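Lettering follows sequence order; numbering is per chain, from 1. Everything numeric in this text was worked out from a predicted model, so none of it was measured.
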Protein chains: 2
Amino acid sequence: MLDQTIDLDRTFQALADRSRRSMVERLTLGPASVSELARPLAMSLAAVVQHVQVLEACGVVRTEKVGRTRMCRIEPAAMTAAEQWITDRRRGWETRLDRLGDVLSEEAANSKEHP
Amino acid sequence: MLDQTIDLDRTFQALADRSRRSMVERLTLGPASVSELARPLAMSLAAVVQHVQVLEACGVVRTEKVGRTRMCRIEPAAMTAAEQWITDRRRGWETRLDRLGDVLSEEAANSKEHP
DNA sequence: CACATAGTGAAGTATCTACTTGACCATTGG
DNA sequence: CCAATGGTCAAGTAGATACTTCACTATGTG
C-alpha cells in the first residue's frame, strides 16, 4: 500500500516509451517470448530484454523461463494503478467544474430573481 | 490525430515524476501561480519553471502570464489520451480473458456431456 | 555430436533528465 | 523612486536511459 509513488513513477516511465508500449500491445493479444517481442522492433535482442526488464520491474509484465525461451505475459493490475491515478485527478477536476457550474447557474437564477 | 505516439511519450514521461504529479494534484484544486506550485517543493524556482514547461509541452497544463505572475491551470484532455491508451489495452486484455473463459466453460460442458 | 536458436552478462557510449547557480528583467507596492 | 517579488535565461553537472557489441551459456534439433 505504501510507496505507490515509486511504482507510479516506474509504471508511467515504462509506458513513456514507444517500443515498450508496442510490446504491451502485443502482449494484450496473448503471451509471447522475448524474441517474438523483438521481431517487429529494429533493435538488438539484448535491448529488448532490457525493455522487458523495465516492464517487469514495474509489475506490468510477468515472465517465466520455459526451456531456453522466456515467456512474457501481461499483468494488468500495475497499469490499473496508473490509470486510476489519472481517473482520480480527472474526477477531482470535473467535480470542481461541476461546483463552478452550480455557482454559475445559481448566479443566473439570482439575477433572474433580482433583475 | 496522427502522432499521438509522441504526445503519449511526452504525457507518460511528464506523469512519471513525483514532483510533476504533485503539481497536477495541486492544480486539480484550481489555478495556481508558479511560485505557489513551488512552495511545497524542495527545489529552486527555476527547477519548478522547468517542470511546468514539461507539463505544458505535453498539453497537460496551460499557462498565462498575468502581470508578473504566471498562472497555471490544468487541461485534462491530454491526460485523457494517456488514460484512454491504458483503458484500451485493459479492454483488449479483458475480452481475451472473456474468450478464454468461454472456451473453458465450453470444455467443462463437453466433459459433462462426455464423461 | 554438431549446429542453430534463445537468451544472459558485462561493458561502453551518446543522449536525456533533473536539477543547480548566478546574472538578469519586469511588475508592483510603499 | 527603489526595494521586494515573480519570473526568465544560460550554462554547467551528476546521474539515468536507451541503446550497442561481444563473449558466453543453456537448450533444442537433424
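- Glu83(A) and Arg90(B) are joined by a salt bridge, as a carboxylate oxygen and a charged side-chain nitrogen come within less than 4.0 angstrom of each other.
- Separating the CG atom of Asp17(B) from the C1' atom of dA16(D) is a distance of 13 Å, rounded to the nearest angstrom.
- Atoms CE (Met71(B)) and C1' (dG6(D)) sit 13 Å apart, rounded to a whole Å.
- Among the atoms of the strands shown, only primed sugar atoms or phosphate atoms (P, OP1, OP2) are found under 4.0 Å from some heavy atom of Arg20(A).
- The side chain of Ala46(A) lies closest to dG9(C), out of dC19(D), dG9(C), dG28(D).
- At whole-Å resolution of the value, CZ in Arg39(A) and P in dT5(C) are 11 Å apart.
- Neither Met71(B) nor Val54(B) shares a network with the other; the hydrophobic side chains, linked directly or stepwise wherever heavy atoms of I, L, V, M, F, W or Y lie under 4.5 Å apart, form separate groups for each.
- Between the CZ atom of Arg68(B) and the P atom of dT27(C) there is a distance of 10 Å, given to the nearest Å.
- The shortest distance between the side-chain N/O atoms of His51(A) and the OP1/OP2 oxygens of dC19(D) is below 4.0 Å.
- At whole-Å resolution of the value, CD in Gln53(B) and C1' in dC19(C) are 13 Å apart.
- Two residues are said to be in side-chain contact when any heavy atoms from C-beta on lie closer than 4.5 Å; Val48(B) and Met23(B) meet this criterion.
- For Met43(B), the listed nucleotide lying nearest its side chain is dC19(C); candidates were dA18(D), dG28(D), dC19(C).
- Using a 4.0 Å heavy-atom cutoff across all strands shown, Ser35(A) reaches sugar-phosphate atoms only and no base atom.
- Straight-line distance from the CD atom of Gln13(A) to the P atom of dT17(C): 9 Å, rounded to whole Å.
- When the P atom of dG7(D) is taken as reference, atom NZ of Lys65(B) falls 7 Å away, rounded to whole Å.
- Side-chain atoms of Gln50(A) come within donor-acceptor range of the base of dT20(D), with a qualifying N/O pair under 3.5 Å.
- Regarding Asp9(B), its CG atom lies at a distance of 10 Å from the P atom of dA18(D), rounded to whole Å.
- When only modelled atom types and interatomic distance are considered, Arg89(B) and Thr28(A) share no side-chain donor-acceptor pair under 3.5 Å.
- Distance from the side chain of Thr69(B) is smallest for dG6(D) among the nucleotides dA6(C), dG6(D), dC19(C).
- Considering only the side chain of Ser44(B), dT21(C) comes nearest among dT21(C), dG7(D), dT20(D).
- Picking from dC19(D), dT5(C), dT8(D) the nucleotide with the shortest atom distance to the side chain of Leu45(B) gives dT8(D).
- Phosphate proximity of dT8(D) to Arg70(B): present, with a side-chain N or O under 4.0 Å from OP1 or OP2.
- Formation of a donor-acceptor pair under 3.5 Å by the Arg73(B) side chain with backbone atoms of Pro31(B) is not found in this model.
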